[in-house]
Amino acid sequence: MVRTPLRPLPRILDARAQGENPQAVEREMLRVRREQARDIGRKRAEWRLLILAVLFFAGYAAIGTRMGLLAAAPVIEAEPYVGEQIADARADILDRNGRILATNLVTNSLYAELRYMIDGDRAAAELARIFPDVDEDRLAARLTDPDRSFVWIRARLSPEQAQAVHDIGEPGLLLGPRQMRLYPNGRLAAHVLGGAGYGQQGVTAAEIIGTAGIEHRMDARLRDPDLADVPLTLSLDLAVQGVVEEVLGSGIEMLNARAGSAIIMDADTGELVAMASLPDFDPNDRPAPPVEGDPTEHPLFNHAVQGVYELGSVMKSFAVAQALDLGLVTPETVIDTRGPLRMAGFSIRDYRNYGAELPVSEVFVHSSNIGTARLAQMIGIDRQQDFLRRFGFLGPLDLEVTEARRALPQFPERWGELSAMTISYGHGLSTTPVHLAAGYAALVNGGRRVVPTLLRRPEVQPVEQLVTPETSRQMRAMMHAVVERGTARMAQVEGYAVGGKTGSADKPNPQGRYYDDRVIATFAGAFPMTDPRYVIVVTLDEPSETSGEQARRTAGWTVVPVAAEMVRRIAPMMGMRPQSDAEIEAAFSLR
């Protein structure tokens, strides 16, 4: 670069020779230099603007060309990110009063992308601290495996666990948002709800599917995208369910029973207001199904719908009702109850001897096996089978829980006269407590058949008439007499007319005979008997009342007080006004 001096010597000398000021020459030279610099800067700016304009034009041209090509190209579906197309919507489940039984909750899954992982060993150690069930060494090996790019760690986390994972500060540990099924009441109504788990899973979504109970049976309805915002309303009353489970649990503990079930059913609609089975489980943490041992001892076993039992004397109600309905007897008809009654080498005996002859009403009140067997002889095999079939005792339940369809009633292939006699008093026919509840509902509601349901069904559906209203009236009076002066006296509840029947059936043993000291104790009845609204069935497996010198196992000493306590506590909750003894007596005297 050539520099031009601000004060060139020749011009300075000339200026001095001519008497001019040399500084004027310097100022002139400075002006010229500034103008040259300005011209150079202007040209440089113009070139930059031109280049920038060309670049912008080229960029916009490229974008426009690309957009045109994309618009002209055929449409190709882009492969979605894992989880984008998984439908995780699921409708809520409510009780009859709108209280939540099951809902969805936003949570997170936990996975690792090893390309972002900084310290896999440290991450494994921290995760083992957060999740005690994690095998630290095995997880560390997976998180440091150079052949892996992705590691699935956990399907769902609680908010506290998610925050703890975030606090680890490991960029390779990632959280994926998803839905989970939540049962806010824990164990309450566990066997009804069943539970749900994950089906197809991605890192940002997971398919929720029902695994048991109503969640499984109604899975298609609950997963329907069009009905995801429409809750499924059940017939259960959460408050009543809670009381029933509490009382049943206390009874099982007090009476040293293996298990138990309880049912409260609307006598007109068949709605199950409460259905409990103990032992139970928490559907939020559903245990694995048993792979060995007796399945009836596992918490997943639903004794109310899967328990197929010989229920004993509670079945006498149907033999008596059929005999009355056919006009073969009246409540006053005298029956020969002398025993033992021998048939085909088999002896039928009564628990106690109440005399050689008893009217039908007393046969029922005092639970005479011999008297009931005599009625079965009068009815006949074919008519008995048809009657029990119409009541639903010979087929599976069509209830809205998956387990109900697997429970098939058991009865003799060769249904002879001896079978008819033993079945009449509850031996030889095995069925479930829900079957029994539906049968008793028909006996007390005027004779109309009911179909058990767990769904809200406030209106009475038109159904078959199983017995006449008069037979139903007679059965209600006799059931009330059983509680007043028969085998279920401990079922009396002040202010409420309770009626029903007890049953104590010996349990079969693996050798094909019966245990001497193990029974299934059952109480089946209704309240208030002046105008029955609800049926109650309570069953205890191997109860034993030990307050006396000898253990007492019959239903009157074991299951009946439990049922009475349930009625005492839930009747006011269900809006039933207590009645005076005079009102109750007057109601029965007018019939």
Side-chain angles (χ1 to χ4, degrees), residues 307-326 328-329 335-354 358 360 362-395 408-433 435-436 439-440 443 482 487 501-524 539 541 553-555:
V308 178
Y309 309 112
E310 289 185 346
L311 294 173
S313 295
V314 290
M315 297 299 295
K316 292 174 181 174
S317 300
F318 302 98
V320 173
Q322 185 177 13
L324 293 170
D325 206 58
L326 290 172
L328 301 175
V329 296
I335 303 296
D336 181 4
T337 56
R338 289 173 296 178
L341 176 60
R342 302 188 185 277
M343 172 62 64
F346 186 83
S347 297
I348 299 175
R349 293 180 171 84
D350 283 338
Y351 186 71
R352 288 191 179 92
N353 182 15
Y354 288 96
L358 290 174
V360 169
E362 295 303 302
V363 166
F364 185 76
V365 169
H366 296 298
S367 198
S368 170
N369 293 339
I370 297 173
T372 309
R374 297 283 192 198
L375 294 177
Q377 285 181 308
M378 299 167 64
I379 293 168
I381 299 169
D382 293 336
R383 289 195 295 191
Q384 183 191 49
Q385 284 182 329
D386 180 65
F387 188 78
L388 294 176
R389 183 176 292 107
R390 289 192 295 120
F391 267 80
F393 284 113
L394 306 186
L408 299 177
Q410 299 173 8
F411 46 87
E413 291 186 13
R414 297 183 178 180
W415 194 316
E417 185 176 8
L418 177 60
S419 295
M421 295 170 72
T422 60
I423 286 172
S424 71
Y425 58 83
H427 290 273
L429 171 64
S430 298
T431 188
T432 73
H435 280 92
L436 186 65
Y440 266 71
L443 290 182
V482 170
T487 58
K501 188 73 184 73
T502 58
S504 305
D506 293 333
K507 286 188 66 174
N509 60 33
Q511 288 73 41
R513 301 183 66 83
Y514 291 90
Y515 289 108
D516 294 330
D517 57 352
R518 301 183 189 182
V519 302
I520 298 290
T522 304
F523 175 78
T539 300
D541 188 353
R553 299 180 176 86
T554 56

So which heavy atom on [X] is nearest to which on [Y], and how close?
X: Arg383; Y: Leu328; result: NH2-CD1, 3.9 Å
X: Ala420; Y: Ala376; result: O-CB, 3.6 Å
X: Val314; Y: Tyr440; result: O-OH, 2.6 Å
X: Ala505; Y: Gly312; result: CB-N, 3.6 Å
X: Ile370; Y: Asp336; result: CG2-O, 4.0 Å
X: Pro409; Y: Thr431; result: CG-OG1, 4.3 Å

So how far is it from [X] [atom1] to [Y] [atom2], rounded to the nearest 0.5 Å?
X: Leu375; Y: Gln384; atom1: CG; atom2: CD; answer: 11.0 Å
X: Phe364; Y: Thr372; atom1: CZ; atom2: OG1; answer: 8.5 Å
X: Gln377; Y: Leu418; atom1: CD; atom2: CG; answer: 10.0 Å
X: Leu358; Y: Arg374; atom1: CG; atom2: CZ; answer: 12.0 Å
X: Asn369; Y: Asp350; atom1: CG; atom2: CG; answer: 5.5 Å
X: Ile379; Y: Gln385; atom1: CD1; atom2: CD; answer: 12.5 Å

task: Specify whether Trp415 and Phe411 have parallel, tilted or perpendicular ring planes, treating 30° as the upper limit for parallel and 60° as the lower limit for perpendicular.
output: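 Rings of Trp415 and Phe411: tilted, as their planes differ by 30° to 60°.
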
- request: Consider only side-chain N and O atoms of Ser367 and Ser313, and report whether a donor and an acceptor are under 3.5 Å apart.
  value: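 Ser367 vs Ser313: donor-acceptor pair found between side chains.
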
task: Classify the side-chain pair Thr502/Thr487 by whether it contains a donor and acceptor separated by less than 3.5 Å.
output: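 Looking only at side-chain atoms, Thr487 and Thr502 do form a donor-acceptor pair, the distance falling under 3.5 Å.
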
- prompt: Does the pair Thr337 and His366 meet the rule for a side chain to side chain contact (heavy atoms under 4.5 Å, CB included), with working shown?
  reply: CA-CA 11 Å; Thr337 56; His366 296 298; over 6 Å; no

message: Applying the side-chain contact (heavy atoms from CB on, under 4.5 Å) criterion to Phe318, which one of Gln322, Lys316, Met315 satisfies it?
response: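 That would be Met315.
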
Check: [X] side chain, [Y] main-chain N or O, donor-acceptor pair, under 3.5 Å:
X: Glu310; Y: Gly426; answer: no
X: His435; Y: Gly395; answer: yes
X: Ser504; Y: Ala555; answer: yes
X: Tyr309; Y: Asp541; answer: no
X: Thr422; Y: His427; answer: yes

message: Using side-chain heavy atoms (C-beta onward) and a distance below 4.5 Å, is Val320 in contact with Val329?
response: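 Contact flag for Val320/Val329 side chains = no.
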
- prompt: Any side-chain heavy-atom pair from Leu408 and Val308 closer than 4.5 angstrom?
  reply: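 They are not in contact (no side-chain heavy atoms under 4.5 Å apart), so the answer is no.
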
message: Working note: Thr539 + Thr522, criterion side chain to side chain contact (heavy atoms under 4.5 Å, CB included); need CA distance, chi angles, decisive distance, verdict.
response: CA-CA 4 Å; Thr539 300; Thr522 304; 3.5 Å; yes

